[in-house]
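Comments concern the structure below.
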Amino acid sequence: MLYQIYPRSFVDFNGDGVGDLAGVTAQLDYLVKLGVDAVWLSPIYSSPMVDFGYDVTDHCWIDPIFGTLDDFDQMLAGAHARGLRVVLDFVPNHTSDRHPWFEQSRASRTNPRRDWYVWADPDDDGGPPNNWLSCFAAAGSAWTLDAITGQYYLHSYAIEQPDLNWANPAVREAMTGVLRFWLDRGVDGFRVDAVHRLIKDPTLAHNPPEVAQARTGLGEHARLLRHIDQPGVHRVIRELRAALSDYEPEPLLLGEVGVADPERWAAYYGDGDELMLTLNFLFWSQPWSAAAFHDVIATTTRLVPDGAWPVWALGNHDIMRLATRYDRDGRGPSRARLAAMMLLTLRGTPLLYYGDEIGMTNVAVPAGDAVDIDGRDAVRTPMQWSPGLNAGFTTASTPWLPVPDARSGNDNVTDQQADPGSLWSLYHDLLALRRSTPALSGGESLLLPTDGHVLAYRRAATRQCVLVALNFDHNPYSVSLPADLTGGQILLSTDPRRQQRACGGMVELAADEGVIIKCS
Ligand code: NOJ
């Protein structure tokens, strides 16, 4: 399992209220105990933090808020010593406007770095060159006029995040050099940010009226957009992949492909020569419904090319916490348990966002304390380690984002580790079972038709077969078992109250219960 750490919020080792690399190092044993195989760290590079690290000023330096290159090396060595791999966030689409490359680019129209970014003349009326929109509503247009040279520059995100021009070979070479820098230091791969945006329509034509208001590639008709998901992007990704092929073992390339159209999304795997894994926006956008998840799993499985493998995630630093998103009538906690079983039993790589293993929910941040440009503070709050001050995240009096003060129940790591019926313990047990059960870790998968209540699939490896049955309903539901499962044994249930383990020809699932049954 891959585990996403948002470093500002994991552990604050130096007590300044913001998480850091020494904090990650201090909790490596925690990750091992949970059963994590690899961590992905959101950006740790030098940055003015307009977009909390996704605006980079030096790709080969650690921002002092997180520590130093020495701290990084120690963290990496500590991870490797424990068998954990480390995946860094690589932010290729844009830099900070304070990156020296952009400072040179904007200095004059003839600067050698001018063409490292996307510049265009104003429209006839002096406005932006076209109608493209930034992904962040606060930024409005994707273009900002630069007074010094009288041209507009493109920014797919904040005004302070100018887009690099990946059509320029010098940019591709420089950014490949960044990957080599970190690989030579020993990292195991990259999560590639906004990879579907790297190439834009070179004619800079307007987006057609149907998509004139679209900010992302996730809506209807998104295929019509001219600045997202352009055909030329695949050549660039192939080039990146090839450039890394001399490293042994080959580094992971996990791409953030914000494209909802399933065929176009799957194209980013290429012919085994583009991304190894692609984040699946469609999966985490589903409503809580057995039928909806059945369909997205079926589509994903059908489209991922032979020899490749999906990645399953329900949380990250941009979207609502899963325990909040699926909460209806107080069912968030039980649904989070069912989601855990689904994530860890589907065929593919599970990806977990820090804190989801204890069911962290969105934390209300008072408007006056909001810090994120795009309203995502609620899902980035400090990890809740203990029932103590600031949930054990920091010794500072004020963490950079609030910790919920009236923490209800046992929503912290310490208490949940001591409770065999907690969500943490369920994640732990699921990960242990996945590791010791070849049918779950690498077996073939067969999705069974759904009746709209239960999502069920078989996983099978040589001489081993299990059935996973997940009741999405809030009523008990009986599932009749196929012949080879009659007399099977329930290996794990999401419901800590379950007593009966032996199955006859039927299994009676409690409300919101999921089970893993071993064939007899
Ligand atoms: C996607 C990242 O996940 C998000 O947090 C960031 O704001 C944008 N890309 C821009 O880098």
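The first residue in the sequence is number 1, and the count goes up from there. Remember, predicted model here, so these are calculated numbers, not experimental data.
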| Donor-acceptor pair between Thr57 and Tyr45 side chains, under 3.5 angstrom | no
| request: Identify the two heavy atoms, one from Val257 and one from Val195, that lie closest to each other, and give their separation to 0.1 Å. | output: CG2-CG1, 3.8 Å
| query | In Å and rounded to the nearest 0.5 Å, what is the CZ to CD distance from Arg325 to Gln286? | reply | 10.0 Å
| query | Is any side-chain heavy atom of Ser445 less than 4.5 Å from a side-chain heavy atom of Leu346? | reply | no
| Pairing of Arg98 and Glu103 as salt bridge, 4.0 angstrom limit | no
| request: Sequence neighbours left out, what pairs pass salt bridge (charged side-chain N to carboxylate O under 4.0 Å, His left out) with at least one residue falling in residues 175-185? | output: Asp73-Arg185, Arg180-Asp246
| message | Let me confirm one number: the CG-CG distance from Leu322 to Asn316, rounded to the nearest 0.5 Å. | response | 11.0 Å
| query | Are Asp115 and Arg113 ion-paired here, with the side-chain N under 4.0 Å from a carboxylate O? | reply | no
| message | For Val379, is there any backbone N or O sitting under 3.5 Å from a side-chain donor or acceptor partner on Asn362? | response | no
| remark: Between Ala243 and Thr176, the two heavy atoms sitting closest are CB-CG2, 3.5 Å
| message | For Thr144 and His155: C-alpha separation, side-chain torsions, deciding distance, then whether side chain to side chain donor-acceptor pair (under 3.5 Å) applies. | response | CA-CA 8 Å; Thr144 288; His155 51 86; 2.8 Å; yes
| field | Rounded distance [0.5 Å steps], OH in Tyr117 versus CH2 in Trp166 | value | 12.0 Å
| message | Quick test of your reading of the model: are Glu444 and Arg459 salt-bridged, counting only N-O distances below 4.0 Å? | response | no
| Counting only N and O atoms by type, is there a donor-acceptor contact under 3.5 Å from the side chain of Ser105 to the main-chain atoms of Phe102? | no
| Close side-chain approach of Val11 and Val24, heavy atoms under 4.5 Å | no
| query | Distance-only, no hydrogens or angles: does the Gln230 side chain make a donor-acceptor pair with backbone N or O of Ile199 under 3.5 Å? | reply | no
| Set of residues satisfying disulfide bond (SG atoms under 2.5 Å apart) with respect to Cys135, sequence neighbours excluded | none
| request: Answer yes or no: is there a side-chain heavy-atom contact under 4.5 Å between Trp312 and Trp284? | output: no
| message | Between Asp63 and Ser47 (side chain of the first, backbone of the second, donor and acceptor by atom type, cut-off under 3.5 Å), is there such a pair? | response | yes
| query | Would you call Val192 and Leu254 a side-chain contact if the rule is heavy atoms closer than 4.5 Å? | reply | no
| message | Looking only at side-chain N and O atoms, does Thr349 offer a donor or acceptor that is under 3.5 Å from a partner on Trp309? | response | yes
| field | Carboxylate-amine/guanidinium proximity below 4.0 Å for Asp273 and Arg241 | value | no
| Would Arg114 count as a cation-pi partner of Trp119, with NZ or CZ less than 6.0 Å from the six-membered ring centre and within 45° of the ring normal? | yes
| Hey, what's the ring geometry for Tyr326 with Trp288, parallel, tilted or perpendicular (30° and 60° as the breaks)? | tilted
| Parallel under 30°, tilted from 30 to 60°, perpendicular over 60°: which one fits the rings of His59 and His99? | tilted
| query | Within a strict 4.5 Å, meaning less than it, do heavy atoms of the Phe13 and Thr25 side chains meet? | reply | no
| Counting only heavy atoms not in Arg172, do more than 12 sit closer than 6.0 Å to its CZ atom? | yes
| Close aromatic pair by centroid cut-off 6.0 Å: Trp265 and Phe283 | no
| Just by modelled atom types, is the Ser96 backbone N or O under 3.5 Å from a matching donor or acceptor in the Glu160 side chain? | no
| said: Checking Asp97 against Gln161: is there a side-chain donor and acceptor pair closer than 3.5 Å? | reply: no
| note | Heavy-atom closest pair (Arg215 atom, Leu133 atom, distance to 0.1 Å) is NH1-CB, 3.7 Å
| Just how far is it from atom CD of Glu173 to atom CD of Glu239, taken to the nearest 0.5 Å? | 9.5 Å
| query | Do side-chain atoms of Asp55 reach the backbone of Thr95 as a donor and acceptor pair under 3.5 angstrom? | reply | no
| query | Hey, does Leu164 have a side-chain heavy atom less than 4.5 Å from the side chain of Trp101? | reply | yes
| Any chance the side chains of Arg197 and Tyr157 put a donor and an acceptor closer than 3.5 Å? | yes
| Side chains of Gln4 and Ser42: is there a donor and an acceptor less than 3.5 Å apart? | yes
| field | Check: Leu433 main-chain N/O paired with Ser436 side-chain donor or acceptor under 3.5 Å | value | yes
| request: For residues Pro310 and Thr300, report the shortest heavy-atom separation together with the two atoms involved. | output: CB-CG2, 3.9 Å
| Student check: side-chain heavy atoms of Pro162 and His94 closer than 4.5 Å | no
| Spatial distance of atom NE2 (His227) from atom CG (Leu154) [nearest 0.5 Å] | 7.5 Å
| task | Determine, for Phe52 and Arg376, whether the Lys NZ or Arg CZ falls below 6.0 Å from the six-membered ring centre while staying within 45 degrees of the axis. | result | no
| said: Could you check whether Arg264 pairs with Asp229 (Lys NZ or Arg NE/NH1/NH2 to Asp/Glu carboxylate O, under 4.0 Å)? | reply: yes
| query | Are the aromatic ring centres of Tyr268 and His196 under 6.0 angstrom apart? | reply | no
| query | Is the shortest heavy-atom distance from the side chain of Leu84 to the side chain of Val32 under 4.5 Å? | reply | yes
| query | Does a side-chain N-to-carboxylate-O contact under 4.0 Å join Asp163 and Lys200? | reply | yes
| Just by modelled atom types, is the Arg435 backbone N or O under 3.5 Å from a matching donor or acceptor in the Ser441 side chain? | no
| query | Any side-chain donor-acceptor pair under 3.5 Å between His317 and Tyr54? | reply | yes
| Looking only at heavy atoms, what is the nearest atom pair of Pro251 and Tyr247, with distance? | CD-CB, 3.7 Å
| query | Counting N and O atoms only, with roles assigned by atom type, does the side chain of Asp71 sit under 3.5 Å from a partner on the main chain of Gln74, one being a donor and the other an acceptor? | reply | no
| request: Report the C-alpha separation of Arg85 and Asp37 in whole Å, then their side-chain angles, then the decisive distance to 0.1 Å, and conclude whether the salt bridge (charged side-chain N to carboxylate O under 4.0 Å, His left out) test is met. | output: CA-CA 6 Å; Arg85 280 164 291 166; Asp37 299 297; 5.2 Å; no
| Could you state the interatomic distance from CG (Leu69) to CD1 (Ile62), rounded to the nearest 0.5 Å? | 5.0 Å
| task | List the atom of Gln416, the atom of Asp411, and the distance in Å for their closest heavy-atom pair. | result | NE2-CA, 3.8 Å
| task | Could I get the full list of side chain to side chain contact (heavy atoms under 4.5 Å, CB included) partners for Pro399, not counting sequence neighbours? | result | Pro382, Asn390, Phe393, Thr394, Val403
| query | Cationic tip of Arg8 within the cone over Trp400's six-membered ring, i.e. under 6.0 Å and within 45° of the normal? | reply | yes
| field | Salt bridge Asp356-Arg321, side-chain N to carboxylate O under 4.0 Å | value | yes
| request: Carefully, step by step, assess Thr414 and Trp385 under the rule side chain to side chain donor-acceptor pair (under 3.5 Å). | output: CA-CA 6 Å; Thr414 308; Trp385 292 103; over 6 Å; no
| Is the closest basic N to carboxylate O distance between Arg226 and Asp201 below 4.0 Å? | yes
| Hey, is the main chain of Leu344 close enough, under 3.5 Å, to the side chain of Arg434 for a donor-acceptor pair? | yes
